[in-house]
There are 2 protein chains.
Amino acid sequence: MSIPIPLRRPIAPVREASTDTACDNPRVSKPSTIVNLRELRQSCADCALSQLCLPASIGGADLERLDDIVRQRMPLDRGGVLFREGSAHPSLFVVRSGSLKTFVSLPEGDTQILGFHIAGELVGLDGLAGNGHQCTAEALERSSLCEVPFASLSDVAAKVPGLQHQLFRVMSREFVREQQHPVMMGRKQAMSRLAIFLRSLSERLRGIGHDPLELNLSMSRQELANYLGLVIETVSRLFSRLQAQGVLAVDRRIVRILQPAALAALAEKSDDEGK
Amino acid sequence: MSIPIPLRRPIAPVREASTDTACDNPRVSKPSTIVNLRELRQSCADCALSQLCLPASIGGADLERLDDIVRQRMPLDRGGVLFREGSAHPSLFVVRSGSLKTFVSLPEGDTQILGFHIAGELVGLDGLAGNGHQCTAEALERSSLCEVPFASLSDVAAKVPGLQHQLFRVMSREFVREQQHPVMMGRKQAMSRLAIFLRSLSERLRGIGHDPLELNLSMSRQELANYLGLVIETVSRLFSRLQAQGVLAVDRRIVRILQPAALAALAEKSDDEGK
DNA sequence: TCGTTTGGTTGACCAGGATCAAGTCGCGCC
DNA sequence: GGCGCGACTTGATCCTGGTCAACCAAACGA
């Protein structure tokens, strides 16, 4: 099954004010992709995501060393590519606002989406093994990110033990998150898969202070189906069924969870027993 | 779908000589689970896996600091549990010989196998996020491992930049390996899934110097089916079909790849086109 | 040597989800 | 407004893989 990759918009820096919601620090005002140190330090210290991100439990002086190497990227528009499979000079990215997908391309022209990434989540861990990035990361909507070139990160982490430790923590956190994907795909009932996905997204939104019952899906049905290992028609039917049962209120990509308990039951239902 | 977890054999240390094949260094001779420093240093330096493992590109003096914290575990028998979901004091493990599976338990009593791990591979990355291990690791056959308590590892990595770097590399390597699981599960044709698995295992065996065409499966059909997101009968039928087509020679758990090209074609066949 | 057990294979049948094919809706554009 | 397009929905049909059940064979113990 192939996903038609939408045409890429140019990735050139955009100048107008971004629509970030997760952070409320000063806007970048220069066309450069690297803001000056003063602005940056402030951004890490003030960032609403700092507790989820690298700065967590790092003191003021050490935080400056981190600031030295963190680059704040210009916002990426929908379809903008953060990195591609095989690209050298890998970086670690933290999503500040918006959302991305990561995917690999398969021999016959198919793709497999590996994950969706919302604010506070790391992207690019696959690039640290020394062979460049192993997947492609693309924005699902206008998104802003912080970039940490891996080479510098490694250096600074060696000098700042707290950062090293936190880096291990967040890497492990992403590793565990990734493990949820095969758990979901292992379910043989399509309904379970969707329910697991919705609950997981709901929890992640809660983690960044959003209403966990109001899901604003940034991915298309096609992308969601691909991620779930289903076809688009099945996903569409599942949404309709959940809407008919009163579990969800679905309005295009806006999904409201009306009966969290019912959704949980669907997610946990095992494959064999009572279908 | 539930996997019946086999009865655990006692995990008590066993004294007789182990059957390791990957390493040919001196056998542990004391009932203690920690061998003395002299023996250990030698083991890391001499270990056939050192290039895949943490010592890679670490010099003599630094290697000793690593040796200080690496514990060589008594071999685990089939069914022996390395760690369980939720267990505190997480460690990183490197498989020296044998093989393990990692899995999570699901609400309704089901399980999902997350991966099979052969010599040279890391197990336990899920435990570094600070909430203990998030899955259970169990030996599929008699296996020996090296253990690195994460707390000490973190300390030493802070002092040995080369180790820190190598640690990032191997973590990323395991991260990428893990990403192959959903790629495989995303295929809708059962045959593709099995073919992808067999090829991947074959490649991993090649990486540790084994014959890549002679697969000695250490997991049961049940475990394999669970990993692939299929039922045991389907897996059994697939093996029979591949045998009938002359692609494989299957004798219980010994699988010989007779037509690597045919297997590759099956693995890469996309879901839509031609069947 | 024979039961017994455990793991695996094979067959018959069925159903859930894929496929194929029409619609429908929302939205930008002229 | 009306057109056209892409994203999504819905229906009808088919087929792969799940289910249920019987069978087989290697390993083990009495």
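Letters A, B, ... are given to chains in the order of the sequence lines, protein chains preceding strands, and every chain is numbered from 1. Keep in mind that what you see is a predicted model, and the values were worked out from it rather than measured.
If you check distances only, the side chain of B:Glu233 does reach the base of D:dC20 with a donor-acceptor pair under 3.5 Å. Interface remark: the B:Arg237 side chain does not form any donor-acceptor pair with the C:dG8 base, using a distance-only criterion of under 3.5 Å.
B:Ser236 has a side-chain polar atom (N or O) that falls below the 4.0 Å cut-off from OP1 or OP2 of C:dT9. Applying the 4.0 Å criterion to OP1 and OP2 of C:dT9, one finds that B:Arg221 has a side-chain N or O inside that range. Close to D:dC15, at under 4.0 Å from its OP1 or OP2, lies no side-chain N or O of B:Gln189. Taking side-chain N and O atoms only, B:Thr234 has a distance below 4.0 Å to OP1 or OP2 of D:dG18.
Nucleotide C:dA18 holds its C1' atom 14 Å from the CZ atom of B:Arg187, rounded to whole Å. Taking atom CG of residue A:Leu238 and atom C1' of nucleotide D:dC8, one finds them 14 Å apart after rounding to whole Å. For the pair B:Leu230 CG and D:dT19 P, the computed distance is 11 Å after rounding to whole Å. Atom CG of A:Leu194 and atom P of C:dG17 are 11 Å apart (whole Å). Rounded to whole Å, the distance from CZ on B:Arg78 to P on C:dT6 is 13 Å. When rounded to the nearest whole Å, the span between CZ of B:Arg252 and P of D:dA27 equals 6 Å. Note: NZ (B:Lys188) to C1' (D:dT16) measures 13 Å, nearest angstrom. Rounded to whole Å, the distance from CD on A:Glu141 to P on D:dA7 is 16 Å.
Taking CZ from B:Arg252 and CG from B:Asn216, the interatomic distance works out to 11.5 Å, rounded to the nearest 0.5 Å.
Using a 4.0 Å cut-off between a side-chain N of Lys or Arg and a carboxylate O of Asp or Glu, B:Lys101 and B:Glu223 qualify as a salt bridge. Comment: A:Arg78 does not engage A:Glu141 in a salt bridge, judged by the lack of any side-chain N to carboxylate O separation of less than 4.0 angstrom. At a threshold of 4.0 Å, the pair B:Asp211-B:Arg256 counts as salt-bridged, since one of the basic side-chain nitrogens sits closer than that to a carboxylate oxygen.
Between the side chains of A:Ser105 and A:Thr111, no donor N or O sits under 3.5 Å from an acceptor N or O. A donor atom on one side chain and an acceptor atom on the other are found under 3.5 Å apart for B:His117 and B:Thr102. If you check the side chains of A:Ser97 and A:Ser144, you find a donor sitting under 3.5 Å from an acceptor.
Both A:Asp251 and A:Arg193 lie near DNA chain C, and the one whose nearest nucleotide falls closer to the 5' end is A:Arg193.
Closest to the side chain of B:Ser240, from the set D:dC8, D:dT9, C:dT10, is C:dT10. Listed nucleotides C:dT19, C:dG8, D:dT19 differ in distance to B:Ser220; the shortest reach to its side chain belongs to C:dG8.
Remark: B:Arg193 fails to qualify as a cation-pi partner of B:Tyr227 under the 6.0 Å distance and 45° angle criteria applied to the six-membered ring.
If you check every strand for non-hydrogen atoms under 4.0 Å, A:Arg253 touches sugar and phosphate atoms only.
Between the axis at the start and the axis at the end of the helix from C:dT1-D:dA30 to C:dC30-D:dG1 there is an angle of 30°, using five pairs per end and rounding to 10 degrees.
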